[in-house]
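Labels below follow one simple rule: chain letters A, B, ... track the order of the sequence lines, proteins then strands, and each chain is numbered from 1.
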Amino acid sequence: MPALPIHTHLPALRAALKEQPIVILQAPPGAGKSTVVPLELLHEPWLRGQKIVMLEPRRLAARAVAARMAAQLGEALGQTVGYRVRFESQVSPQTRLEVLTEGILTRWLQRDPGLEGIGLVIFDEFHERSLESDLALALVRQVQALLREDLRLLLMSATLEAKGLSAALGEAPVLQAEGRQYPVELHYLPKDPEGPLPGTVAAGISRALSEARGDVLAFLPGVGEIARTQAILAERHPEVLIRPLYGDLPLEAQQAALLPDPQRRKVVLATSIAETSLTIEGIGVVVDSGFARASRFDPGSGLPRLETVRVTRDAADQRAGRAGRLGPGVAYRLWSEPTQRGLLAQRPPEILEADLTPLLLTLAAWGIREVNELSWITPPPPGAIRQAQALLQTLGALEGGGLSPRGEQMLEWPTHPRIAHLLLESRSLGLQALAADVAALLEERDPLPRAAGADLDLRVQALRQWRAGQRGEAGGLKRLERLAQEWRRRLGTDVDNRAPDPYATGLLLAQAYPDRVAQLREGSRTRYRLSGGRGVRLSEEDPLAGSGWLVAAHLDAGNEEGRVFLAAPVHPEELKPLAQTVEAVGWDAKAGALIARQELRLGQVLLESQPLQHLSEARRVAILLEVVRSEGLELLPWSEALRQWQARVLSLRSWRPQEGWPEVSDAGLLEGLEAWLGPWLGGISRREGFQRLDLGPILTGLLSWEQQRRLDELAPTHLEVPSGSRIRLTYSPEGSPPVLAVKLQELFGLADTPRVNAGRTPVMLHLLSPAQRPIQITQDLRSFWQNTYPEVRKELRGRYNKHPWPEDPWSAEPTRKTHRRGR
DNA sequence: CTCTCCCT
């Protein structure tokens, strides 16, 4: 075995693992850690003959690493060294070292939480911080703490963040190994470029072609930029071979980009797929646009959103490192040095940006109610947790905070909970064969070009036609069929190659995506509203445009409106079993009317609505009372007399606090609304109905007979004055003395201020002129006659000469008339 | 104008 840098660190690593439950090995790419370390540890005494498991983030890597190690032992795969990825494994009873993709371990743990027979779990490429590796680590650490103190964990990481990681893991020891990478000379731009990216990258590539040697690898964010850059370069450098490279490219085209061309110099225009997943031979120069596309889960809508973001420092280093695999290389970074200093060190761990539905289902199966029962390096964010819980609830996977029987069934299917639910439901719908095809298509890359539009049914057709015999390699259909075959096997169903029913496809999609049922908006052919609440759009040319109802499987949350990439039409009647019957009962404030409808709803989307047959009186009254509470007592038909009644009762309440007069202020009435108003609301269903209430008797009912009698006696509505007039009193709710507004002439002969409240409360006299103008306000009539009247008389006598102004008011005849017509 | 990558 050739000596790799890692070999010098092996004694320290052995010693650390002997003592420590968790060890971190930091080694850059090329140090040989993935293939050397597991084999070297296989015979450690502390393993006590138990197996080693190593986790890889990608299937390709799991197979390749296992194969390299088997070759080093001179064995076939599946002897001492084996691997497992979904639906594929090479292991035997002799296997002592198993390389797994990360998710496989999580599934193992469900069945065997003690990890029996395993002595060491190695996390390779841990710095990538995939959702699965964070979850696997959290679970395995709990196993270690509760059941398996002897279990050892080794985290292998390529980046320099080992210190922070160590701190998060109880000061786990960190070993650092050197890499075996050739130096890469870095070039920055004097300032950040402006204008469209393809032009900038094309210029960078021209410079790389003239200044450096070897093939060129350029990193761009996505397919659009790659195509535009290719167009510019093809004109400028006809002598160079240009190859695009991205995940959606057919396999043959990908391979063409990987191999060197013997005749021509090659430029590969790649997405971030070439950072780690694919290695290109013969690259001498890297040109890095500095941008990448990243998917972020939007917890608000439950939809992913694709964003163009600046690369992080570790990604930029990884990109540049691609030029230093065979010899010293060069990398052109198309940004400035100040910008470089501002780059984020690493991408945020996936757990912060991903859909957490699968994670939450796993946790529920693990019996975890509260995510922080586990030790996380980065705890999952609350918004995404809530969204995942809501979705699992909708899919019927949860029950009383734990896993439901359906949730348990879902876990038996190695796929996203949405798709597991679709597969399970296909049985009762009698659509198993179609479900197998649909599930495969939902998981894999789209076999058709984007121009084909969003119709999922076209994909089912393509898969079925391919299967029926007109086979070619195009579009990864073979891969799709392998997957579909697995689902058919598990569903116990046969191939069906007939033309599919697009509405059946839509019905299946609705099982997986009940939150993505889309109803066409009125007056539009492309704009839809999702049951989950968001607005989404199809492209104008899409053959599905104009369909009234769709279920969207793949979409992008977008900014204001989302975009649909994959969908199928659906009959709304077929959605009824998924929908919820909701009683829409309440008050439409705008229309001023009671609403009582029974609605069949799928989230925000209304399937059906009909008047509610039985609205209980209690509910109706409760709603109406709430309306009064929110709109106020002014909704009721108050008259001046009733407001006075209210003020009279309140006056007595304040004058005679011991007597138990009721609290009939507006606030008090609102407080006790149910009791006094509730029984009268029977027939009301519109705002006008309140105005037809007979409020007088309703309010009077608040007083006992005795109180009603005493009210009239103690706080009469009117008083008779010497002239014989019955004059209205005006009470105030605060209980200040009631006002008696009366023409002065009507009081002649009266010595003292009239009183109410059994003689205890003198009224407030507003003495008026014959023209009803106030002359004086007083509670002391005697003093008025004595002190003020002579002056008033002098002043007004001339002006109102038809009225009597006797010198002696004490003995004058009271009158409401003028002189002449006086008796 | 506008779909990165990966996985049970």
Report task. Using whole Å, report how far CZ of A/Arg450 lies from P of B/dT2. Result -> 8 Å
Query - Given B/dT4, B/dC5, B/dT8, the nucleotide with the shortest approach to the side chain of A/Arg293 - result: B/dT4
Query - side-chain N/O A/Arg296 vs B/dT4 OP1/OP2, d < 4.0 Å - result: no
Requested in this report: Using a 4.0 Å heavy-atom cut-off across all strands, classify A/Phe87 as base, sugar-phosphate, or nothing.
Outcome: nothing
**Report entry** Nearest-angstrom distance from the residue atom CG of A/Leu109 to P of B/dC7
**Finding:** 19 Å
Requested in this report: Could you tell me the separation between the CG atom of A/Asp355 and the C1' atom of B/dC7, rounded to a whole number of Å?
Outcome: 13 Å
**Report entry** Upstream residue (5' side of DNA chain B) when A/Leu566 and A/Leu60 are each assigned their closest nucleotide
**Finding:** A/Leu566
Query raised in the report: Any Lys/Arg nitrogen of A/Arg333 or A/Asp317 sitting under 4.0 Å from an Asp/Glu carboxylate oxygen of the other?
Result: yes
Report task. Not counting sequence neighbours, which residues clear ring pair (Phe, Tyr, Trp, His ring centres under 6.0 Å) with A/Tyr528? List them please. Result -> none
Requested in this report: Taking only the side-chain nitrogens and oxygens of A/Arg445, find out if one of them lies under 4.0 Å from OP1 or OP2 of B/dC5.
Outcome: yes
Requested in this report: Report the distance from atom CG of A/Leu359 to atom P of B/dT8, rounded to the nearest whole Å.
Outcome: 16 Å
Report task. Rounded to the nearest angstrom, tell me the gap between atom CZ in A/Phe297 and atom P in B/dC6. Result -> 21 Å
Requested in this report: Can you tell me the distance, in whole Å, between the CZ atom of A/Arg319 and the P atom of B/dC5?
Outcome: 11 Å
Requested in this report: Tell me which of A/Glu443 and A/Glu225 sits closer to the 5' end of DNA chain B, going by the nucleotide each one is nearest to.
Outcome: A/Glu225
Query raised in the report: Rounding to a whole Å, what distance do you find between A/Phe219:CZ and B/dC5:C1'?
Result: 13 Å
Query raised in the report: Should A/Thr101 be listed as having a side-chain N or O under 4.0 Å from OP1 or OP2 of B/dT8?
Result: yes
Requested in this report: Using a strict cut-off of less than 4.0 Å between a Lys/Arg side-chain nitrogen and an Asp/Glu carboxylate oxygen, indicate whether A/Arg537 and A/Asp542 qualify as a salt bridge.
Outcome: no
Query raised in the report: Would you say B/dC5 has OP1 or OP2 under 4.0 Å from some side-chain N or O of A/Thr271?
Result: yes
Report task. State which of B/dT4, B/dC6, B/dT8 makes the closest approach to the side chain of A/Leu306. Result -> B/dT4
Query raised in the report: Which part of the nucleic acid does A/Gly224 contact within heavy-atom distance under 4.0 Å: base, sugar-phosphate only, or nothing?
Result: nothing
Query raised in the report: Across the strands shown, which category fits A/Arg107 at heavy-atom distances under 4.0 angstrom: base, sugar-phosphate, nothing?
Result: base
Report task. Step by step, work out the ring-ring contact (aromatic ring centres under 6.0 Å, His included) result for A/Trp335 and A/Phe291. Result -> CA-CA 10 Å; A/Trp335 60 90; A/Phe291 288 91; 8.4 Å; no
**Report entry** Partners meeting side-chain contact (heavy atoms from CB on, under 4.5 Å) with A/Ala202 (sequence neighbours left out)
**Finding:** A/Thr229, A/Ile232, A/Leu233, A/Arg236
Requested in this report: Let me know the distance between CD of A/Glu350 and P of B/dC5, rounded to the nearest Å.
Outcome: 14 Å
